[in-house]
Amino acid sequence: MSENNLQVLLKRRPQGAPVQEDFEMAERPVPLPGRGQVLVRNRFLSLDPYMRGRMSDAKSYAKPVDLGGVMEGATVGEVVASDDPGFAPGDSVMGGNGWQRYCVVDAGRLRRVDTSEASLSANLGVLGMPGLTAWVGLEDIGEPKAGETVVVSAASGAVGQVAGQIAKARGARVIGIAGGAAKCAFVKDELGFDACLDHRGDLNAQLDVTCPDGIDVYWENVGGHVQEAVFPRFRDFGRMVMCGMISQYNTAPGADATGAPPGPNLGPIVRKRLRVQGFIVSDSGWQRYAQFRAVMLGLMKSGELRWKEDVVIGLEKAPKAFIGLLKGENFGKLVIRID
Ligand SMILES: NC(=O)c1ccc[n+]([C@@H]2O[C@H](COP(=O)([O-])OP(=O)(O)OC[C@H]3O[C@@H](n4cnc5c(N)ncnc54)[C@H](OP(=O)(O)O)[C@@H]3O)[C@@H](O)[C@H]2O)c1
């Protein structure tokens, strides 16, 4: 093949917030598939907050990316060549195929994608890992009920936009929190949340007005000053879905920086009999993917589910886009269109 394989490598482990120099571009020959393997041309790459953790070698639930290794990430693309009877050239597939244009992968690690149901890139967001995270967290932990008040942080993001809409479809009153007027307007007017609060303004005053009787379910995506404002407002028997705390990813132990943001007093967990549970979507999510996909496609068809993607064109722009994600610069599910 005349074309080379463009890749983004991890050059060094970031100190605090990642910078462009932590990444390196490489061009290598396109590999050939061996027996039982498939050559995939990646069309879209998903950029997600968890990738900050993979850049660090601190102990975690998943292995770090090796120095000099290709950055880890989910992609969708099409099969170019196959030495496996299950896949043929032209098939659309998704997999953990990394920040690169081409990859050779064992057939068992690919999932076939039906592009007649939704766009290819939707399989990285609303129908992919972030959407699955929203559904699993609400099924297993949040369990929103009609009439309850649900608060979702990073509400315009990949996970938050789906979590809020599922809670709304189950009859809850849903309040989003996002950064800035444009994101808040999108969450309220286009996603149909009941309200959306700007965490860059006086969040406590806004919560006083929108949640005067307290909060039943809090979907935690950010931590820091947002968690500090929401946490004291739980009603008895509230549920806190501990999905992530992005505001701390550049200052967490192992991120090699100091200055962790403030956190709340966790005493009310006992007094109010709250349920606080963390989860990792890969624990059980992918075994339930078919059930999730059927629910999502149903909500899409009925018009109850909308979503927004933030598409950046060019693999070489992936480091800058990822650095921006950790500062809230993305608006919607961040994906790279590789070509
Ligand atoms: N547990 C799991 O299995 C699992 C799976 C997937 C994702 N997650 C977690 O879910 C959370 C959301 O992920 P996502 O993919 O939906 O990301 P995302 O919302 O698409 O993008 C991140 C958003 O977080 C907000 N943000 C970034 N830095 C912030 C800061 N310092 N303080 C406050 N807000 C900040 C920004 O929104 P604003 O501009 O609106 O503030 C930004 O747009 C992350 O914590 C992620 O790690 C967990």
Side-chain angles (χ1 to χ4, degrees), residues 16-18 46-56 60-62 73-74 124-126 128-142 151-165 176-188 191 193 196-201 203 218-230 240-252 255 257 259-263 277-286 288 292 307-312 321-335:
S46 178
L47 293 182
D48 300 278
Y50 76 83
M51 293 165 173
R52 176 63 185 87
R54 302 291 196 279
M55 297 176 82
S56 162
S60 181
Y61 64 91
L124 296 177
V126 64
M129 182 278 287
L132 181 64
T133 301
W135 178 76
V136 167
L138 288 180
E139 281 281 304
D140 295 355
I141 303 167
V151 171
V152 179
S153 59
S156 74
V159 174
Q161 49 180 296
V162 183
Q165 290 180 88
I177 299 177
K183 288 185 180 179
C184 288
F186 165 74
V187 168
K188 184 169 180 301
L191 300 183
F193 287 31
C196 187
L197 318 181
D198 187 349
H199 69 78
R200 296 184 195 158
L203 191 52
Y218 174 43
W219 184 286
E220 176 60 294
N221 276 332
V222 302
H225 71 289
V226 176
Q227 188 183 87
E228 195 176 37
V230 172
M240 182 162 168
V241 188
M242 291 295 282
C243 179
M245 291 197 280
I246 193 170
S247 70
Q248 300 175 12
Y249 291 176
N250 288 328
T251 55
Q277 189 180 328
F279 74 109
I280 303 292
V281 64
S282 51
D283 292 345
S284 70
W286 292 106
R288 296 148 72 193
F292 154 75
W307 66 96
K308 180 173 175 60
E309 291 171 358
D310 185 343
V311 183
V312 175
F322 178 64
I323 291 165
L325 171 85
L326 295 169
K327 297 184 200 153
E329 287 170 7
N330 64 308
F331 187 173
K333 169 63 194 139
L334 182 60
V335 293

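We count ligands from 1, going down the list as the structure has it; atoms in each ligand are counted the same way.
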Inset, instruction - With heavy atoms of V281 as the reference, note each atom of ligand 1 found under 4.0 Å away. - result: 2 (C), 3 (O)
Inset, instruction - Check L326 against ligand 1 and report side chain, backbone, both or neither, counting heavy atoms closer than 4.0 Å. - result: backbone
Legend entry - Closest protein heavy atom to atom 1 (N) of ligand 1, given as residue, atom name and distance to 0.1 Å: F279 O, 2.7 Å
Legend entry - Which segment of Y249 sits under 4.0 Å of ligand 1 when only heavy atoms are counted: side chain
Inset, instruction - Evaluate the side-chain proximity of Q165 to V126: yes if any heavy-atom separation is below 4.5 Å, no if none is. - result: no
Inset, instruction - Report the nearest protein non-hydrogen atom to atom 41 (O) of ligand 1: residue, atom name, distance rounded to 0.1 Å. - result: H199 NE2, 2.6 Å
Inset, instruction - Can you measure from CG (L325) to NZ (K333) and round to the nearest 0.5 angstrom? - result: 7.5 Å
Inset, instruction - Give the atoms of ligand 1, by number and element, whose distance to some non-hydrogen atom of A178 is under 4.0 Å. - result: 40 (O)
Legend entry - Interatomic distance, M129 atom CE to S282 atom OG [nearest 0.5 angstrom]: 9.0 Å
Legend entry - Protein heavy-atom partner closest to atom 36 (C) of ligand 1 - residue, atom, separation in Å: G328 CA, 3.4 Å
Legend entry - ligand 1-proximal atoms of M245, by part, heavy-atom distance under 4.0 Å: backbone
Inset, instruction - Could you pull out, from A154, G53, A134, the option with a heavy atom nearest to atom 23 (C) of ligand 1? - result: A154
Legend entry - Any P130 side-chain heavy atom under 4.5 Å of L124 side chain: no
Inset, instruction - Any atoms of ligand 1 less than 4.0 Å from a non-hydrogen atom of I246? List them with their elements. - result: 22 (C), 24 (O), 26 (N), 27 (C), 28 (N), 29 (C), 35 (C), 45 (O)
Legend entry - Minimum side-chain heavy-atom gap C243-T133 below 4.5 Å: yes
Legend entry - Contact check, side chains of V230 and S153, non-hydrogen atoms, under 4.5 Å: no
Legend entry - Contact atoms of ligand 1, heavy-atom distance to S247 under 4.0 Å: 30 (C), 31 (N), 32 (N)
Inset, instruction - Could you tell me the separation between the CG atom of N221 and the CD atom of Q227, rounded to the nearest 0.5 Å? - result: 11.5 Å
Inset, instruction - Name the option, out of K333, E329, M129, that contains the heavy atom nearest to atom 6 (C) of ligand 1. - result: M129
Inset, instruction - Please work out which of the three classes, parallel, tilted or perpendicular, describes the rings of W135 and F292, given edges at 30° and 60°. - result: tilted
Legend entry - Proximity winner for atom 12 (C) of ligand 1, if only heavy atoms of D48, N221, D310, D198 are counted: N221
Legend entry - Which residue and heavy atom of the protein sit nearest atom 13 (O) of ligand 1, plus the separation: P49 CG, 3.5 Å
Inset, instruction - Answer yes or no: is there a side-chain heavy-atom contact under 4.5 Å between W286 and L132? - result: yes
Inset, instruction - For atom 43 (O) of ligand 1, grab the closest protein heavy atom and report residue, atom and distance to one decimal in Å. - result: N330 OD1, 2.6 Å
Inset, instruction - Among all protein heavy atoms, pick out the one at the shortest distance from atom 38 (P) of ligand 1; state its residue, atom name and that distance to 0.1 Å. - result: G179 N, 3.5 Å
Legend entry - Option nearest atom 14 (P) of ligand 1 (shortest heavy-atom distance, choices V222, L334, V162, V159): V159
Inset, instruction - Measure the CG-CD distance between N330 and E309 for me, rounded to the nearest 0.5 Å. - result: 12.5 Å
Legend entry - Identity of the nearest option to atom 39 (O) of ligand 1, non-hydrogen atoms only, from K327, Q248, K183: K183
Inset, instruction - Identify the two heavy atoms, one from V222 and one from A154, that lie closest to each other, and give their separation to 0.1 Å. - result: CG1-CB, 3.9 Å
Inset, instruction - Show which atoms of ligand 1 fall inside a sub-4.0 Å distance from at least one heavy-atom site of C243. - result: 1 (N), 2 (C), 4 (C), 8 (N), 9 (C), 10 (O), 48 (C)
Legend entry - Close side-chain approach of D140 to S284, heavy-atom, < 4.5 Å: yes
Legend entry - Nearest heavy-atom neighbours spanning M245 and E220: CG-CG, 4.1 Å
Legend entry - Non-hydrogen atom of V226 closer than 4.0 Å to ligand 1: no
Inset, instruction - Measure T133 to ligand 1 on non-hydrogen atoms and call it side chain, backbone, both or neither using the 4.0 Å cut-off. - result: side chain
Legend entry - Candidate with minimal heavy-atom separation from atom 19 (O) of ligand 1, of G244, G223, A163, G157: G157
Legend entry - Identity and separation of the nearest protein heavy atom to atom 20 (O) of ligand 1: A158 N, 3.0 Å
Inset, instruction - Grab the two heavy atoms, one from S156 and one from K183, that are nearest each other, plus how far apart they are. - result: OG-CD, 3.4 Å
